[in-house]
Every structure is written in structure tokens, then in C-alpha cells.
Student: 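The structure that follows is given in the form of C-alpha cells.
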Amino acid sequence: MSHKLKVGELNEAYLTEEEIWRIFTVVLSSKSVKSSTYKFALIKALIENLYQVNDRFELTYDQLAYSFTKVYWNLIVKHNLVKQNRGKNARVVTVIKDAQQKHQIPSDFSFDKLNGQLQIKLVSEIKTTMKQNVFGALYGDTGGKFYAFEHKSEYFKLNPAVHNFMLKYQRLVVNLTNYHMAVMIESLNEVPSINYLLGKVESIAKRSSLRPFEKILLNHFEHTCFYCGKPLSSAKGKTHVDHFIPWSFVQSDQLWNLVLSCQVCNNSKSDKLPKKYYLENIISRNHVLVLNEKDEKVSSLMTNYTDKKISLLYDYSIKNGFDVVWGQ
Ligand SMILES: [Zn+2]
């Protein structure tokens, strides 16, 4: 039984895109009786951490468990979709429901609103579940070709070919994963329609507040709009934190991709990619954050950032259809 595996080596380093597509399609659409939504949540966690890999394509179990827990908290608590497999409740549902009841957390609380200690406790419990049921299972489903892992040292390494593929086809992979996840949740829960669910599944990884990032940016930079340079009003709701490369593409909140913006620029930019000229500006802006030595929080948020990463991300977003460029 592959889900019982404690360690898995990478079976094939050189995969063609065709092979990767084939494996993805099989994994996403397979309808085994024992299936749960686990594999979709792990793929969503991988997508959210694509830009967090180090130069050896490694991620930590904690990074993956954090994203995985957030996905389930929002599905189970916020959207009340408790059926995540057939038969008795999935372990992750029990862990989350128990925590919600014990701490009497209202169901409109998204994961990032929980206090830090509770988040850490939940992530740690769910990491244990992932070791028992998740890492080995997706490893087996992908024939050991997508990643290597080892529970003891919590080692996780993506196949570089798969990493490259996921960047290149990110939008398609995200849409396919959301679609198949919604189909499975629909078959397990009584819900109005697949479109109702797609909206929920698309946004489950999204953070509800970017306030912590706003504070960091206000601490480190002048209070002016990154795009037009005008002073930012301190009135409530007038200063926006903008995903430089749109969230709908990156699907995650990275400090190095967030800028302060005035309301006018933020509304007008919306879901579009800024002109190349701004890319140079955000790269110099990020240098300031990288060079900072006093703020440990910032140093940790900038770990694994490179100029090349944001430039690649910019090019990949164009390849993925974000070709309407915004700005003067
Ligand atoms: Zn502006």
C-alpha cells in the first residue's frame, strides 16, 4: 500500500511534458472507491509553494502542511463541506472540527484569522495525518515520478521537470485541479451546483487579509503608491496591498510580490500584469528587503527569493495568458 510508505525516491528525473500531462490527467480524474480529496489538496499546496522551493527544488513538510491545513479549514469550517471521502469522516475533518468546537471559533473565521499558536498546533497535527495518508498516496499515484520524500527528516523534493512544468502550465493545472476537486466534493456533499462549488474551491487558498504585509511594507518604505508615486492616504481602506503579478496567477501571497498601492491604481490595475518597467522597480525594491538585517520576519519571508524568480514568474504569467499589460 503506497500510502503507508515512509520514504520514496524519485523514480525518473527526465520526464517529457507529454508524460507529465498523462500522469496529471490520470491522477486528477481517477475514480477509485477509496479516493478522498487529499490528493487535490496536496496539489494545491504544491502550487501555492511553487515559488518557495530552494535551489535544490526542496520544500519543507511544514510549508506544505500549512497550505494543506488552510485549504481544509476553509472548506470544512467556512464552507461547511465536511464530507471529504466516503465512509467515516476523514481524519483531517475530525482534527479541524474538534479544534473549532474546543475553541468555539465562529464558522466565518478563515484560517489566517486564527491565532498563531492554534495555527501551529493544527498544522502539526495535520502534518501527522499527511505522513500517514497523503505523501505516500500521491507518490504512488504518480508512480514516484513527481517527488521524493522521507518522513523521518521531513524531506520533500520536487522533480525539477515537474516544477518547471507546473510553472509553465500553472493556470491550466490550477483550473484542472479545482475542477476535479469540485467534482469530487460535489459527489460527496449535497450542494446546489458545480458552479457554486467551483467558486469556493478557487478561493479556498486565498488569504482574507493582507494587513500583516501592509504593516511590513509601511515600516520599510515611504508611504507612497508603488505605481504612481503619489502619497498614500492614511484614511481607512485607502491604502491597498496589491499582488504585483496577479493573485489569480500566482495563487499565493509572497512579500516579494506585494506592493503598496493607492486605491485608484489598484482598481484600475485589477487582475492585469503591470508593464515591464515596473518589474525593474519591484526588483530594486526587493533588494532593499533582502539587504535588511534588522527585521527577522522580513528575512524569513525573503528566504529563497531571487531576482530571477520574479522575472521568470513575470514571463510565465504572460505565457499563461496574462497578456493585457497595465500602466503608462
Ligand atoms: Zn497610485
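Every number for a ligand or one of its atoms is a count from 1 in the order of the listing.
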Student: Among side-chain atoms of Ser36 and Gln84, is any donor-acceptor pair under 3.5 angstrom?
Tutor: no

Student: If you apply the rule ring pair (Phe, Tyr, Trp, His ring centres under 6.0 Å), what do you find for Tyr155 with Phe149, and how did you get there?
Tutor: CA-CA 5 Å; Tyr155 168 86; Phe149 71 97; 9.4 Å; no

Student: Do Tyr61 and Lys131 have side-chain heavy atoms sitting under 4.5 Å apart?
Tutor: yes

Student: Distances under 2.8 Å only: what protein N/O/S atoms are near the Zn ion (ligand 1), ordered by chain and residue?
Tutor: Cys225 SG, Cys228 SG, Cys262 SG, Cys265 SG

Student: Among Phe213, Tyr305, Phe244, which one satisfies ring pair (Phe, Tyr, Trp, His ring centres under 6.0 Å) with Trp256?
Tutor: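 Only one option passes, and that is Tyr305.
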
Student: side-chain contact (heavy atoms from CB on, under 4.5 Å) with Val92: which of Asn89, Thr94, Val95, Ile96?
Tutor: Ile96

Student: Show me the donor-acceptor pairs within less than 3.5 Å that the side chains of residues 214-230 make with the rest of the protein, sequence neighbours left out.
Tutor:
| residue | atom | partner | partner atom | Å |
| --- | --- | --- | --- | --- |
| His220 | NE2 | Asp295 | OD2 | 2.9 |
| His223 | NE2 | Leu218 | O | 3.1 |
| Tyr227 | OH | Asp242 | OD2 | 2.6 |

